[in-house]
Amino acid sequence: MKRKLLSGALLLGSIIAANAQSSCVDAIALQLGTTTVGAPSGEYTPNGCFAPEQGVDANGNTVTVDADAAEWYSYTPAVNGVLRINTNLPQNQVPDADGNRVDTRISVYRGTCDALTCWYSGDDVYYISSTNYNGLTDIQFPVAAGTTYYIAFDNIWYLEGFDVNAEFYEPSCATTTDYTETWSPSTSYWFCWGRQDQNNDQNGFNLISSYNLGGADVNPEPAVAIYSNAEALDDYLYSPDLTLTGGVSYTFSVAYNGANVRTSSTTVSNANESFEPVIIIGNTLYTLGDAVTGIQQTGTLATLKNNATVVDYEFTPDVDGVYSLGVHATSDLGGGAIFFFDMSVKETASSSQNAQSAFSVYPNPANTVVNVANAKAQINAVSLVDINGRTVKSVQFDGVSSAQVNIADLANGVYMMNIKSDKGTVTKKVVKN
């Protein structure tokens, strides 16, 4: 719980002086690079991006507190991109003359000054534990060309000035077939990757530049994470359009890790996170492979990445075309988090590729039985997935070179057939007439 010196706030209110960033109307254009923000002394927008919070007064009593002053800046980009606002700077980590540490809270608004809408916000992005706050904030958010964003630094937790650094990143969406995504710079996440909150619980994938469970991150590479602290997850994250070649085998690799989340000073929710890989062909989404469960780790974001698990899924498109790959978060209600660090799509090595492309699936379309054969591989299992991503049939085999799958009981339509063999997993499209 944070401490706010209420008497100091009242004293500050009595000596407010007019300045150039005292309100949204008078906001100063925020310059890229480092800017020194003065002690907040202008207007504050109550219930804008933040509701009043619980704090502790000088006597140790729990009270409801809110900011009463802010410093205002504006930013209008010339092109679409991502704006990063960071107060987690070395000079802000040193206590001031009174022994107080800089503790920042940031609100970002769109609209007109008489009708502002909260666009993004940040408070304690560098949270360490229930009793230890860095108090500084590092946020990144998308901005559109020609739109003005209003940025307010308020005084709820700190009454003096501090430094802030601003950076701007332009997006570049790669569409090559040899594609690796690390979300660094972060613009590729905001503008190139699709996100869908299927169950509309307002809890979706988000870009994470710091995650602390007992240590300090030092310029970590970002990750994309999602939490299951409110409801079971049903959320999709999918790549930019990738132009792939029919008959060529590809490997979709996902580096991930799970982490426990502290939900109160005494409660830690254990990670029980899970996800499944997906592929989008045209306007239809299919499951590419079996779901996996995130392992639990603790530590910094760098530690989570260094101990990440990498899973590979091989598939062979039937025809040349535009495809998109990604993940479907499927975790049960729990409170843990799952992090995705790297995702890549690469052509499979030649020996495996030759074996994968040698699979024959016939007849196709089929009415009752589909034959699967490959003289260069041993078939272990075949499953069929419908257009809603549901596995509707699964058959096990004992390392055979040819197999039959009865589809007479399936409804007419298009299915994705996942064929598991000693050479990996290949996906074929099957039509039931």
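No experiment lies behind these values; they were computed from the predicted model shown. Heavy atoms only: backbone and side chains are in, while hydrogens, waters and symmetry mates are out.
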Evaluation steps, side chain to side chain contact (heavy atoms under 4.5 Å, CB included), between E160 and V102: CA-CA 8 Å; E160 305 300 330; V102 176; over 6 Å; no
Please verify the inter-ring angle class for [X] with [Y]; under 30° counts as parallel, over 60° as perpendicular, anything in between as tilted.
{"X": "F340", "Y": "Y256", "value": "tilted"}
{"X": "Y75", "Y": "F168", "value": "tilted"}
{"X": "W72", "Y": "Y109", "value": "parallel"}
{"X": "Y149", "Y": "F141", "value": "tilted"}

If you apply the rule side chain to side chain donor-acceptor pair (under 3.5 Å), what do you find for N380 with S421, and how did you get there? CA-CA 5 Å; N380 298 319; S421 74; over 6 Å; no
Tell me, with the steps shown, if K429 and M417 meet side chain to side chain contact (heavy atoms under 4.5 Å, CB included). CA-CA 6 Å; K429 183 168 67 174; M417 175 180 282; over 6 Å; no
Does some side-chain heavy atom of [Y] sit less than 4.5 Å from a side-chain heavy atom of [X]?
{"X": "L325", "Y": "Y179", "result": "no"}
{"X": "D234", "Y": "H328", "result": "yes"}
{"X": "Y44", "Y": "D66", "result": "yes"}
{"X": "I156", "Y": "V65", "result": "yes"}
{"X": "Y286", "Y": "T427", "result": "no"}
{"X": "V322", "Y": "T243", "result": "yes"}
{"X": "I151", "Y": "L83", "result": "yes"}
{"X": "P40", "Y": "D154", "result": "no"}

Inter-residue atom distance [X].[atom1] - [Y].[atom2], 0.5 Å rounding:
{"X": "R195", "Y": "Y238", "atom1": "CZ", "atom2": "OH", "answer": "9.0 Å"}
{"X": "E276", "Y": "L288", "atom1": "CD", "atom2": "CG", "answer": "10.0 Å"}
{"X": "S331", "Y": "I338", "atom1": "OG", "atom2": "CD1", "answer": "5.5 Å"}

Backbone N/O of [Y] and side chain of [X]: donor-acceptor pair under 3.5 Å:
{"X": "K432", "Y": "I407", "answer": "yes"}
{"X": "N257", "Y": "L304", "answer": "yes"}
{"X": "N371", "Y": "Y362", "answer": "yes"}
{"X": "W119", "Y": "G111", "answer": "no"}
{"X": "N206", "Y": "A225", "answer": "no"}
{"X": "N155", "Y": "A69", "answer": "yes"}
{"X": "N92", "Y": "D163", "answer": "yes"}

On the ring face of Y158, is R105 found with NZ or CZ under 6.0 Å from the centre and within 45° of the axis?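 Cation-pi check for R105 and Y158: fails.
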Taking it one step at a time, do E181 and S188 satisfy side chain to side chain donor-acceptor pair (under 3.5 Å)? CA-CA 8 Å; E181 178 60 87; S188 60; 3.1 Å; yes
Under 3.5 Å, is there a donor-acceptor pair between the [X] and [Y] side chains?
{"X": "D320", "Y": "T245", "value": "no"}
{"X": "S239", "Y": "S324", "value": "yes"}
{"X": "D312", "Y": "S253", "value": "yes"}

Which one of F153, F50, Y120 satisfies the side chain to side chain contact (heavy atoms under 4.5 Å, CB included) criterion with I106?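 The side chain to side chain contact (heavy atoms under 4.5 Å, CB included) with I106 is passed solely by F153 among F153, F50, Y120.
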Please say whether more than 12 non-hydrogen atoms of neighbouring residues, nucleotides or ligands are located less than 6.0 Å from [atom1] in [X].
{"X": "I387", "atom1": "CD1", "answer": "no"}
{"X": "K420", "atom1": "NZ", "answer": "no"}
{"X": "K393", "atom1": "NZ", "answer": "yes"}

Begin from the C-alpha positions of T87 and T137 and carry the test side chain to side chain donor-acceptor pair (under 3.5 Å) through to its verdict. CA-CA 5 Å; T87 65; T137 302; 4.6 Å; no
Run the ring-centre check on F315 versus Y323 and record whether the distance is less than 6.0 Å.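 No.
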Using the ring-ring contact (aromatic ring centres under 6.0 Å, His included) rule, pick out the option among F205, W193, F191 that qualifies with W183.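 That would be W193.
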My understanding is that only one of N88, T34, D138, N86 makes a side chain to side chain donor-acceptor pair (under 3.5 Å) with N165; could you say which?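 The passing option is T34.
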